[in-house]
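The structure appears right after this line, and notes come after that.
Values reported hereafter were calculated over all heavy atoms of this structure, with side chains retained and with hydrogens, waters and symmetry mates removed.
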Amino acid sequence: MAAAEQAPARAATRRRSPGQWRAAALFLLPALVLLVALRLLPTAEAVAQSFQRGTQSFTGGRFAGLENYTLLFTDPTFQNVLWVTAVFLVIIVPLQIACALFLAVLLVERFPGVGIVRTLVFIPVAAPAAVATVIWGVAYQPQGPINAVLAAVGLPEQPFLTSADQALLCIIVLLSWIGVGYWTLFLIAGLQDIPRELYEAAALDGAGWWRTLWSVTLPNLRRPLAFVVVANTVSSVLVFVPIQILTQGGPAGSTRLIMYDLYNSSFVLGDLNIGQTEVVILLVFLIAITAVQFRMLSKEK
């Protein structure tokens, strides 16, 4: 009877008066206006421009169908951009996730000096990307501190950013130094949500550290880990600042990621139609990544 009496009360609380709906709409209106002005309209403009040619502004031009897409996908330079971006993602995403997971598992434990270790891990997160890039740019100089250390221990000096074989790896190290601490925060939060009773039960069953990691920690960390993987992939695709400051896509196109190529096409070469076509290609990729995220997060644990 108590449950039957509570049901109408709950239904009544769910009903909202017209005044409440109007108040909610007014509160949402500024966000909706900004969403349309800063997201939806630019997206529609980019799609329209990607099917046009012959304009040097964001309006006008003749309809060209798929000409821009054909030009891009048959261009060896853009093919190299896609290849470099793919190699970059294949390396940096697993590297950052593995490091963040290791640090998260380590930092939820209590041991002497854990506070100092946490501070050292999280400090790079607070540094602006441009500042961190300049610092690492100095470190990568031929006469910089890294080569000084190598010389001191009897190892040969390295070209770093001036080498087509090393430049991309240097960018990956830089971005990992910035990003690992950030993703570690999300994984620590996920680890702290895992019920302690599961670990106690695993200990009673005689499970060792590795067995507990694979049977308790990782299964219960699936949703935070899925979010971090997808968010890390998206942020890595959008990398621009270190490339612009340090390498400008070189040497020999070895660090020419898609965001830098998009910027170069639009604002350096002045071909806005090709630039907007790259925006659409990037948008389709990001939509696919987001769809994967929702798919992964919608599954039950």
If you define the side chain from C-beta out and look only at heavy atoms, does anything of [X] sit under 4.5 Å from [Y]?
X	Y	value
S176	I172	yes
E278	L282	no
L225	I97	yes
R256	T77	yes
T255	V84	no
L29	V33	yes

For [X] and [Y], work out which heavy atoms get closest and say how close.
X	Y	answer
P124	V121	CD-O, 3.3 Å
P251	S163	CG-C, 3.5 Å
P242	L174	CG-CD2, 4.2 Å
S254	A164	CB-O, 3.4 Å
P94	L89	CD-O, 3.6 Å
T217	I194	O-CD1, 3.8 Å

Is [Y] reachable from [X] through a run of hydrophobic residues whose side-chain heavy atoms are each under 4.5 Å from the next?
X	Y	value
M259	I287	no
V237	V234	yes
V216	W214	yes
I258	F267	yes
V134	V173	no

Exceeds 12 heavy-atom contacts within 6.0 angstrom, atom [atom1] of [X]:
X	atom1	value
F63	CZ	yes
Y199	OH	yes
I116	CD1	no
W210	CH2	no
F88	CZ	yes

Output yes when a side-chain donor or acceptor of [X] lies under 3.5 Å from a complementary backbone atom of [Y], and no otherwise.
X	Y	value
S266	L272	no
N264	L269	no
Q79	F73	yes
D205	A207	no
N80	G253	yes
N68	S50	yes
Q166	T162	no

Side-chain donor-acceptor contact under 3.5 Å, Y69 with T277: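 No pair is found: no donor N or O on one side chain lies under 3.5 Å from an acceptor on the other.
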Hey, could you give me the [atom1]/[atom2] distance between [X] and [Y], rounded to the nearest 0.5 Å?
X	Y	atom1	atom2	value
D75	T70	CG	OG1	12.0 Å
I171	L161	CD1	CG	6.0 Å
L26	W21	CG	CH2	13.5 Å
L40	L34	CG	CG	11.5 Å
L169	L95	CG	CG	10.0 Å
Q96	I178	CD	CD1	9.0 Å

Steps toward side chain to side chain contact (heavy atoms under 4.5 Å, CB included) verdict (E67, L71): CA-CA 6 Å; E67 180 180 338; L71 287 172; 4.2 Å; yes
Worked check of side chain to side chain contact (heavy atoms under 4.5 Å, CB included) between L221 and L101: CA-CA 10 Å; L221 197 63; L101 181 60; 3.6 Å; yes
Passing candidate, side-chain contact (heavy atoms from CB on, under 4.5 Å) with L286, options L238, I281, V230: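 Result: among L238, I281, V230, L238 is the only option passing the side-chain contact (heavy atoms from CB on, under 4.5 Å) with L286.
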Residues forming a ring-ring contact (aromatic ring centres under 6.0 Å, His included) with [X], sequence neighbours excluded:
X	answer
F160	Y140
Y260	none
F240	Y263

Pair V81-T85, side chain to side chain contact (heavy atoms under 4.5 Å, CB included): steps then yes or no: CA-CA 6 Å; V81 168; T85 303; 4.1 Å; yes
Side chain to side chain contact (heavy atoms under 4.5 Å, CB included) evaluation trace for F78 with S265: CA-CA 11 Å; F78 186 69; S265 298; over 6 Å; no
Whether W177 and W136 hold their rings parallel, tilted or perpendicular, with breakpoints at 30° and 60°: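 Ring orientation of W177 relative to W136: perpendicular.
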